[in-house]
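Here the structure is laid out as C-alpha cells; the discussion comes afterwards.
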Protein chains: 2
Amino acid sequence: MTTAQHTPKLTARGAATRTRIVAAAADLVREHGAAGTSLDDVMAASRTSKSQLYHYFANKEDLLRAVAWQQTDRIVEAQRPDLDQLDSLAGLRRWRDKFVAARDGAQNVGGCPLGSLASELADGDPQTRVVLQKCFAAWASPLLIGLTAMRDQGHLRPDADPDALAEAIMAALQGGLLLSKTSRSSRPLARALDMAIDHVASFATVREAPVA
Amino acid sequence: MTTAQHTPKLTARGAATRTRIVAAAADLVREHGAAGTSLDDVMAASRTSKSQLYHYFANKEDLLRAVAWQQTDRIVEAQRPDLDQLDSLAGLRRWRDKFVAARDGAQNVGGCPLGSLASELADGDPQTRVVLQKCFAAWASPLLIGLTAMRDQGHLRPDADPDALAEAIMAALQGGLLLSKTSRSSRPLARALDMAIDHVASFATVREAPVA
DNA sequence: CGAGAACTGGACCAGCAAGTCCAGTTTTCT
DNA sequence: AGAAAACTGGACTTGCTGGTCCAGTTCTCG
C-alpha cells in the first residue's frame, strides 16, 4: 500500500532517518500507548536527536499520525495473503483462525495497535481522527472487496450489503480484541469473529451448518 | 450494585469527600482519558487537596480502579430499566434503539467510558486489569440473565450458549462504539448491534425475519 | 473531657514532558 | 567549486507530573 503522504524533499539519508523514527515510534506506541511514549524514548530507540524529530514532523501529534499509517501497513502486511482471499466463507474462516492463533501466540497481551491508538486519539485533534478513520477503511478494504465479490458471484443474496457486513465484522474484531486483551484470553475474539462470520453465512445462497 | 471495596474507617464527612473525588475523577477521565487526567485536575474539580487524595487512595492507579467501578455503576444505572428486560428479542431491540439514540444524542463523541479505560489500562497493572474484567462482567450480567431466561423459557434453542452470546454482544458493542467514536457516526454501532441481535435471533425457536 | 484517630491544607521535591534554538556538517545542484 | 538546501547534535527552557511531608483541625468514643 505504501501509505506515505507528505514528502517535502528527502535525500536517501533523510528518508532512512525518517523511516527509522517512525518504526521506532510505532514499536513504542504499540507497547506503551501514545501517551506513554515520550519523544525522548523515540530519540533513544531510533538513535536520533530532538532536532531530527522536529525536522521530519511538526510535533508529536504529527508523528503519531505517521505511526497510525505505519501500524495499518504492518497489520495489512502481516495478514497477507489471507486478507486477499476473503471471497468465500472458507477464506473468512481461514483468516479468522490465523488471527486468533496469532493473538494466542502473543499471549493476548496488547490489543489492536490501531484500535488502541484510535481509542486514545480519536477524541482529540480532528485531523488525527480522520487519519484513523482512513486507516480503518484501508484495513477493511480487502474485506469489502471479498464480500462484494461473493455477492457478485452469487454466493451471497443480492440484498446482502457488503459495506454493512464489513463494518460489522470490523466492529466484532475490535471489540473482540479489546475484551481479549482485558481477559488475556482469545475466547472473546474467537466468539465475536464466529458470530460475524455466521452473520455473513446467513446471507449465503447455499445453506450450511453454522460453525458453533 | 454499589460496587465499593475497601473502607478502612470512614466518617460521614470522609465518605462524602471520597465520593466527591471519585465523581470528579470519573468525569475527567471520561472526557480526557486516564493519562490525560492529572491529580491536580482532580483536586481542582473536587475541591480537595493532595493529602486528601492520598488519604483515600494509595496512588493514581488506585484512584483509577475506583473510577472504573464508578463508570460501570453509572453505565448500568443509565440503562435501567431496559437492562433488566433483555429476556426477549423485542427487549434486546428496545435496548439497542435506546443505546444508539443515546450515542447520537452525544454526537458520538467519546466512546465507552469503560472501554476506553480498558484500552488504556488493561496492559498495565494486573490488579487493574482484573478490576476491568470484573466491570465488564458486571455490565454483561443482565445480558447473561436475560439470555439464560430466554433459553430456559424455550425461546432459544437448547444449544444456544448464553455466555457465548453475551460475550459476543459485548464485543460488538465495544467495537461498534470504537468505530462510532472514530467516524463520529452511530452507524457502525447500529450495524454491529443489529448483527449481534440477528445472531441471537438465529437461535430462536420461532423463526422471524431479520431486522435489516 | 481528653486521647487517639480521621481528616485537611498546602508547601515542596525531583523528574520528565514537549518544544525551541543555534551552531555545525553533509548533500545536492548548477 | 561553491552556494543553497537538507540534515544533524544537543543544550536549554518552561511547565507540569506523581508523590512526600508535616503541621494543624475536626471528629469519635470510652
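To find a chain, count down the sequence lines: A is the first, B the second, and so on, and within it residues start at 1.
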Under the side chain to side chain donor-acceptor pair (under 3.5 Å) rule, collect the residues that match up with B:Asp27, sequence neighbours excluded. B:Arg30, B:Arg74
Give the rounded distance in Å between these two atoms: CZ of A:Arg18 and P of D:dT8. 13 Å
Taking every heavy atom of B:Leu132 against every heavy atom of B:Ala118, the minimum-distance pair comes out as CG-CA, 3.8 Å
For A:Arg129, is there an ion pair with A:Asp123 - N to carboxylate O distance below 4.0 angstrom? no
Cationic N near anionic O, under 4.0 Å, B:Asp163 to A:Arg191: yes
All N/O pairs under 3.5 Å across the protein-nucleotides 20-27 of chain C interface:
none

State the CD1-CG distance between B:Ile145 and B:Asp87, to the nearest 0.5 angstrom. 10.5 Å
From CG of B:Leu53 over to C1' of C:dG9, roughly how many Å is that when rounded to an integer? 13 Å
Nucleotide D:dT8, atom C1' - distance to NE2 of A:His55 in whole Å: 9 Å
Do any N or O atoms from the side chain of A:Asp62 and from the backbone of A:Asn59 form a donor-acceptor pair under 3.5 angstrom? no
What's the CZ-P distance between B:Arg47 and C:dT8, to the nearest Å? 12 Å
Whole angstrom value for the distance that separates C1' of D:dG18 from CG of B:Leu63: 12 Å
So which of residues 20-44 of chain B are in contact with DNA chain D, with a heavy-atom cut-off of under 4.0 Å? B:Thr37, B:Ser38, B:Leu39, B:Asp40
A:Gln52 vs D:dT8: side-chain N/O to OP1/OP2 distance below 4.0 Å: yes
Flag, side chain of A:Lys181 to backbone of B:Ser119, donor-acceptor distance under 3.5 Å: yes
Of all the heavy-atom pairs spanning A:Asp104 and A:Ser186, show the shortest one and how long it is. OD2-OG, 3.0 Å
